[in-house]
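Protein chains get the first letters and strands the later ones, always in sequence-line order, with residue 1 at the start of each.
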Amino acid sequence: MSEMFRAKIDIELTVNGEAVEGSVPAGQHLIDFLRLECGLTGAHASCEHGVCGACTVRVDGIAVRGCLMLAAQADGAEIWTVEGLSETAAIKDLQEAFVARNALQCGFCTPGMLVAAEELLAGGGVPSRAEIREHLSGNYCRCTGYEAIVDAVESVARTRAGRGAA
Amino acid sequence: MTIPFGNPDRPNSYIGKTVPRPNAAKLVEGRGRYVDDIVLPRMVHVAFVRSHFAHARIAGIDTAAAREVRGVLRVFTGAELAEVCTPWVAVLAHLKGLKSPPEHALAVDRACWVGEPVAAVVATSRAAAEDGAALVELDLEPLPVVTDMMSALDPATPVLHEALGDNLAFRREHVEGDPDAVFASAHKVVSAKFVTARHTGVTLEPRSILVDWNPADRQMTAYHATQAPHMIQAVLAQHLDLPESRVRVICGDVGGSYGIKVHVYPDEVATAAIAKIMGRPVKFVADRLESFTTDIHARDHEIEARLAVDADGKILAMDVDDWTAIGAYSVYPRTSAIEGNQVVNLCGGPYDFAHYRARTTVVFQNKTPTCQYRAVGHPIAVAITEGLVDLAAAELGIDPVEIRRRNMFRDDAYPVTSPAKMRFEGLSHHASMDRLMALMDYDALRADQAAARARGVHRGIGIASFIELTNPSPFMYGIGGARISAQDGCTVRMDPDGSIVALSGVTEQGQGTEAMLSQIVAEGVGVSPSNVRVVTGDTQVTPYGGGTWASRGAGIGGEAALRSARALRGAILEVAAAMLQADQASLDIRDGAVVDADTGAERMPLEELGRIVYFRGDTLPQGLPRELVQTRHFITTEYPFAFTNGVQASYLEVDTETGVVTLLKHWCVEDCGRIINPQLVDEQIRGGIVQGLGGALFEEIHYDADGQLLNGSMADYLVPMAAEMPDMVIGHVETPTKESELGAKGAGEAGTAGAPAVVMNAINDALRPLAARVTHMPFTPERILRALGKIED
Ligand code: FES
Ligand code: FES
């Protein structure tokens, strides 16, 4: 059984705008590939069950759970993690809002939370607090109680909408 | 010179302000460094083989197939590790009668709960270690199990640890006054049975440790997700036969702790033992199933309690019979008797009454060990107390707020001693209640509730007052013999560029410890917080301290930081006075410069003073002290604990058809003494409330009668999610402790302490017209429908 999972598969993909090649065990999850092979330790493995969202990264434009996707399935994909989104300043306003509102405590959920929140914000408009809460329900935070996160996301949505209107 | 905290316009007024956390920016960029992010040369991984029976004799362990797996280097059994690692016994002398058997890093003869580590497989990758672990064959002979709490002491029940004689770990009864006589003659007696469910912390970062043993230096370095680095240092040294000075514990970023990461876990000690044997770095990170079966559990209590009141609702007496089952072992070194002991200490806490009896009975069973989890014992004691008070109010037809006002200690009554013999220096129950009433607009909410009821919608308002134990002295652990420091220290130094470095023995797991320390040091010295770098979590570098638990970071660590900062300020001014040929008392430090205290006119930037001291010391008077490094320690001495108080309210709706509870809004007014950073305090309270709401509505570890844990995944064990949680209004009253100049008490656990009780009271307020009542947590739809008589079987 385990030998089958160990069989190597060659993949080529783009991670944070850089071309990456790898020869990955068939059973390796995307989150482990990113953390172990690419050294991108921002997204975390927590439940490894698709429930908590700590492993959320962006794959071909959508927020995906890195613990549910195999690295082999990412062949040809374009992947963005919190590291790349930070370097390109793509979510700078959201990150600043998280810091200003103290929407993180231990920070373990935060990289996944940011990717999930950005997916909602990218849809445009100003979502209601209930919509924000609903969208983030797949991302657990055990520290904050969520209110500060909702506040931060809401404030960024307002600012971005205001900028768009101006 | 004392700081005029009352004057917000004072110079360097950082204490009391919301300033940003210095370590938050790196975390939002994914640049944190948690244990699993660390990779060391020649590092190997360990995976554990765990008992799949709740109780079994270990007849044999066949490791041959595991050794064949590519990448597997070694397989260890309990007997092998016992040769380098001594077992521990988790008792404390002041918890009289507490007993627990010796516990090994890996079980040797017998496994006593599902998940107890039995063997360890070490491999070059985590995946290979797991593959190997799956191939280790355990020959386990099942033994009779003890799973039920209330029958654990029955003669027919098997004894879990034969050498102990019975399944009783600890019992304590406290009696004050003459409760029996009062109950016999009281106007009214109300009683109830309460159940709080076994639950656990679910830190998103699992328990993690990476241990490196360098035989050449005889130095062990443990990178550990822990709340108490110095405690772990002492434990590893003692049980691996090393001098404490040769064990260094480094605690970087920690992904949530809440009490889960303040204990000694067998698999973590085993990891250190294996590192010592193999002479190379060994990493262990628990997977999620391991987290559920081996992180400490908590709150598994059943309580019968009653309250005697007079016709005006005045509390006359309280009687509490608490039972708790702690799993197979008392947890090292803090022990598993503390939670029950806290229930005895805390019941009835806000109220002025004379006759009290409380007993806790702590029993063993074949389940995961329980121990201290956020707000230890408080959620239980508050649920008992506030549940009974509401019951009495309803029976007497008194408003729940009014009955509390009639019984709470007067705000001018302090110092007082409670019937449980807890000493309160200064609390503010009445002021807090007044503040709560204003924040929530109680009367308008009652009107809204009545209007909803007229529409057939069942809404409820819950109120719960509480006390919280913070800033513990050695009375908590030290007097019992544990090497756990109640004192904490801080070293503050000025570098040549005028910047300040503060090293502290308290630790950061996301609470904002480092931000809080930077503010205090900034104000104490007279620089901007951005000019203070804080270092925590390294036993080789920081002053010896206790770490962060029992809400002690701000109260103890903060005061040490303030004192060391003030000492450094004095040392700087002494040098400045000599350089400027001025009277030291006429100088001050503001915003990084020495100034005239009267006019505020700048005399010299600190970097100039630094340049002279460090590089041109020849120009200073001979014999002038130039000690720009200062260390101070702090320990509380007047009171064993600094109690805080608060009151919470919940407004919720119960769907009487589905049993679903919808939280509409939540309030908390809290008095944690001097507030150092309002935003951090509020967010600690909000996060704590939501953890308490989890216990009230969702969280429950299920076992079957054989001791198999049934819901060991996040899909099956529910925790609060964003969509279900309410917005929370937080208010404050500030009664600083007089034990320190800073006056801070703890704020980390108040939210968790009161939330389950207040939700229970709100649900019961909603259900009262339907003559239904729930007291068994969590309040699942099923339990609510049963209370309503809509499910019967
Ligand atoms: S680790 Fe992927 S969802 Fe939890
Ligand atoms: S900040 Fe700790 S889990 Fe979200």
Results of salt bridge (charged side-chain N to carboxylate O under 4.0 Å, His left out) for A:Lys92 - residues two or more places apart only: A:Glu96
For B:Gly256 versus A:Cys143, what's the shortest heavy-atom pair and its separation? CA-SG, 4.4 Å
Derivation of the side chain to side chain contact (heavy atoms under 4.5 Å, CB included) call for A:Gln95 and B:Glu29: CA-CA 8 Å; A:Gln95 289 167 318; B:Glu29 293 192 10; 4.0 Å; yes
Go through the steps for A:Thr110 and B:Leu27 under the test side chain to side chain contact (heavy atoms under 4.5 Å, CB included), then give the verdict. CA-CA 7 Å; A:Thr110 312; B:Leu27 297 178; 5.6 Å; no
Quick check for you: to the nearest 0.5 Å, what is the distance between B:Met721 atom CE and A:Leu136 atom CG? 12.0 Å
Per-residue tally against chain A (heavy atom, under 4.5 Å) across B:Gly32, B:Gly255, B:Ala134 peaks at B:Gly255
Using non-hydrogen atoms and a 4.5 Å limit, figure out which bit of A:Ala100 sits close to chain B: side chain, backbone, both or neither. backbone
Give the member of B:Ala24, B:Pro20, B:Ala25 that has the highest number of heavy-atom pairs under 4.5 Å with chain A. B:Ala24
Is any side-chain heavy atom of B:Arg21 closer than 4.5 Å to one of A:Asn102? yes
Summary of ring-ring contact (aromatic ring centres under 6.0 Å, His included) pairs that have at least one residue in residues 111-143 of chain A, sequence neighbours excluded: none
Applying a heavy-atom distance below 4.5 Å, give me the residues of residues 710-718 of chain B that approach chain A, sorted by number. B:Ser713, B:Met714, B:Ala715
On a heavy-atom basis, the closest approach of B:Ala723 and A:Glu134 is CB-OE1, 3.7 Å
What pair of heavy atoms forms the shortest contact from A:Pro111 to B:Gly30, and how long is it? CG-CA, 4.2 Å
With a 4.5 angstrom heavy-atom cut-off, could you sort out which part of B:Val690 is near chain A: side chain, backbone, both or neither? side chain
Interatomic spacing from CG in A:Leu40 to CG in B:Asp37 - rounded to 0.5 Å: 11.0 Å
If you compare all heavy atoms of A:Arg133 against all heavy atoms of B:Ala722, which two are closest, and at what distance to 0.1 Å? NH1-O, 2.9 Å
Is A:Arg35 close to B:Asp36 at the side-chain level, that is, under 4.5 Å between some pair of heavy atoms? yes
Would A:Arg101 and B:Glu683 pass as an ion pair if we require N to O under 4.0 Å? yes
Under 4.5 Å, counting heavy-atom pairs only, tell me which of A:Leu94, A:Leu104, A:Leu85 racks up the most with chain B. A:Leu104
At a 4.5 Å cut-off on heavy atoms, which part of A:Tyr146 comes close to chain B: side chain, backbone, both, or neither? side chain
Side chain, backbone, both or neither of B:Asp287 within contact of chain A (heavy atoms, under 4.5 Å): both
I need the residue from A:Ala148, A:Gly145, A:Gly42 with the largest number of non-hydrogen atom pairs under 4.5 Å to chain B. A:Gly145
Value rounded to 0.5 Å, distance of OG in A:Ser86 from CZ in B:Arg31: 7.0 Å
Could you check whether A:Thr144 and B:Arg686, counting side-chain N and O atoms only, form a donor-acceptor pair closer than 3.5 Å? no
Between CG on residue B:Leu204 and NE2 on residue A:His44, distance to nearest 0.5 Å: 10.0 Å
So what's closer than 4.5 Å to chain A heavy atoms on B:Val202: side chain, backbone, both or neither? both
Once salt bridge (charged side-chain N to carboxylate O under 4.0 Å, His left out) is applied, do any residues pair with B:Arg126, and if so which ones, sequence neighbours excluded? B:Glu130
Atom of A:Phe108, atom of B:Tyr34 and distance for their closest heavy-atom approach: N-OH, 3.4 Å
Tell me, for B:Ala128 versus chain A, whether the close heavy atoms (under 4.5 Å) come from the side chain, the backbone, both or neither. both
When rounded to the nearest 0.5 Å, the distance separating OG of A:Ser137 from CD of B:Glu724 is 6.5 Å
Between A:Leu36, A:Ile132, A:Val82, A:Thr81, which has the largest tally of heavy atom pairs under 4.5 Å with chain B? A:Val82
Basic-acidic side-chain contact under 4.0 Å: A:Arg142, B:Glu699: yes
Please look at B:Asp253 and chain A and tell me whether the side chain, the backbone, both or neither of the residue comes under 4.5 angstrom of a heavy atom of that chain. neither
Please classify the contact of A:Glu48 with chain B as side chain, backbone, both or neither, using a heavy-atom distance under 4.5 Å. side chain
Is it the case that B:Gln684 and A:Gln105 place a side-chain donor and acceptor less than 3.5 Å from each other? yes
Rounded to the nearest 0.5 Å, the SG atom of A:Cys106 sits from the CD atom of B:Glu205 at a distance of 7.5 Å
Note: vs chain A, highest number of non-hydrogen pairs under 4.5 angstrom among B:Ser257, B:Gly687, B:Gly512, B:Gly510 is B:Gly510
